[in-house]
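These notes concern the structure reproduced below.
So you know, we letter chains A, B, ... as the sequences are listed, proteins then strands, and number each from 1.
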There are 2 protein chains.
Amino acid sequence: MVRPPAARDKLLCAAHALIREKGFNAMSVDELCARAGVTKGAFFHYFRSKDELGVAAAIHWSVVTGALFAQAEYHARSSALERVLAYIDLRRSLVRGEIAEFSCVAGTMVQETYREHPAIREACGACIFDHAQTLVDDIQAAIDERGIVAEWTAESLATHTQAVLQGAFVLAKARGDAAVALESVDHLRRYVTLLFATASQRERTPTTARRSAARRRTQT
Amino acid sequence: MVRPPAARDKLLCAAHALIREKGFNAMSVDELCARAGVTKGAFFHYFRSKDELGVAAAIHWSVVTGALFAQAEYHARSSALERVLAYIDLRRSLVRGEIAEFSCVAGTMVQETYREHPAIREACGACIFDHAQTLVDDIQAAIDERGIVAEWTAESLATHTQAVLQGAFVLAKARGDAAVALESVDHLRRYVTLLFATASQRERTPTTARRSAARRRTQT
DNA sequence: ACGAACATACCAACTGGTTGGTATGTGAGC
DNA sequence: GCTCACATACCAACCAGTTGGTATGTTCGT
């Protein structure tokens, strides 16, 4: 049986931890290897450069978080709006313990690499926006469910949820306390609730529902 | 006439630019001096260490942005809610050009220093939260104006606006485009509008207005 | 069935350039 | 003539990346 490449995985996991703790640039390859319990030789066996590790770390982060959210139970809710709110609740429940344990590897890394390391920026961007994309169908279904004529798109709201979360992490770091992040997530939840509550009360009529459906078709 | 300490100011401005472009850790002292057009001797004449420069850069950022917002015209609006919305509009109008020209020095720096450089974290935190504080009075006045019973505080909404902005900057960096940031600011504006619109329609009664005032008093 | 050739997975020691920081010098103004 | 505001020259530590290995397989011709 072929020996599995254990060192590569250990390096990627150690990279996640170090990037969350001190960022990509402050993390040295030596330090990363020490944390992973491998030597530098192993590092450069799997990655041609530190840059390449950054890209791999972002991709691996996508895989890890993708699996986490794909198997989450919030998908089971019958109402689309409930699924969206349950996603936000799940995100909220993950905000606990040390900041470095709940903050986002991609968001942290992209802040300091977006200009000098385009490949890393791209990988982080894909990670964040692909994740946002997993919300779009539920948001669109919620719009349809309620027959809303919205001046915003499902995609922009999905993206906005990620903006709030990323911003919440920044504020948590700035204050040195997770509580402030929770408050922003609460505001996000309230926003989504209001968005559908008011729209459904004011605009849920057969006429507007039909107009909404028509607009959606032309957008695609 | 005494020569003003020009080098210090040039170093702080260059630091703002470099931190926005590549972050605090990736910015070397040599590079910073080159950008500022001074020598390393000048740097260590004014700052005992790179850390100390980081703190000074955050404080200077507070001063620069503080002056910008203090003299802005949105304070002149007669309605408190309009002042809050006009603040958001101002923030929106500032999001243009290169990402490094509108992103936040404090938010960028704190992401990569919050754990290893506590003094910088503190300075960045003060910068962000003190700025948020300048919104609290207007938000509270808007709550009073409309006689709202809110389950959120003026302070938490003020903080939330900063979370959205910081998150919008992260997303702009991740996508390499400012447009995505504008969309999040629009969602923030819509949230604030909904918050006061729905509350005023549903809860604006003499009874709840009195209860709101009482609650505020006990919170202090 | 077997061994030569090759591939994978890793390690220890090294290198040249860069880093933050220091020691010392200099010239202009009060 | 002394201090403030810088400049020059330098250093030890650290940095990403390289070199040259070993141990453990796997492939394939015979």
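Across all strands, B/S28 comes closer than 4.0 Å only to sugar-phosphate atoms, never to a base (heavy-atom distances).
When each of C/dC11, C/dG21, D/dA7 is scored by its nearest atom to the side-chain atoms of B/K50, the top-ranked nucleotide is C/dG21. Listed candidates were D/dA7, D/dA16, C/dA12. Nearest to the side chain of A/T39 is C/dA12. Between D/dA16, C/dG20, C/dC11, one nucleotide has an atom nearer to the side chain of B/F44 than all others, and that is C/dG20. In this structure, the nucleotide among D/dC15, C/dC11, D/dA7 sitting nearest to the side chain of A/D30 is D/dC15.
In this structure, CD of A/E52 is placed 15 Å from P of D/dA16, rounded to the nearest angstrom. The CE-C1' distance, from B/M27 to D/dC15, rounds to 18 Å in whole Å. In this structure, CG of A/L32 is placed 12 Å from P of D/dC15, rounded to the nearest angstrom. Rounded to whole angstrom, the span from the CG atom of B/N25 across to the P atom of C/dT18 amounts to 19 Å. Note: OH (B/Y46) to P (C/dT22) measures 18 Å, nearest angstrom. Rounded to a whole Å, the NZ atom of A/K10 is 12 Å from the C1' atom of C/dC11. If you measure from atom CG of A/L11 to atom P of D/dG17, you get 14 Å, rounded to the nearest angstrom. Across the protein-nucleic acid pair, A/F47 atom CZ and C/dA9 atom C1' stand 13 Å apart, rounded to whole Å.
Donor-acceptor pairing under 3.5 Å is recorded for the side chains of A/H187 and B/S156.
Ion pairing of A/R190 with B/E151 is present here, as a side-chain N (NZ or NE/NH1/NH2) and a carboxylate O approach within less than 4.0 Å. A salt bridge is absent between A/E101 and A/R20; no separation between the charged side-chain nitrogens and carboxylate oxygens falls under 4.0 Å.
In terms of position along DNA chain D, the nucleotide closest to A/A26 lies nearer the 5' end than the nucleotide closest to the other residue of the pair A/A26 and A/R48.
For the pair A/K50 (side chain) and A/F24 (backbone), a donor-acceptor distance under 3.5 Å is present.
Residue side chain A/K40 reaches the base of D/dG17 through a donor-acceptor N/O pair under 3.5 Å, judged by distance alone.
The salt bridge (Lys or Arg N to Asp or Glu O under 4.0 Å) test with B/R83 is passed by exactly one of B/D137, B/D89, B/D138: B/D138.
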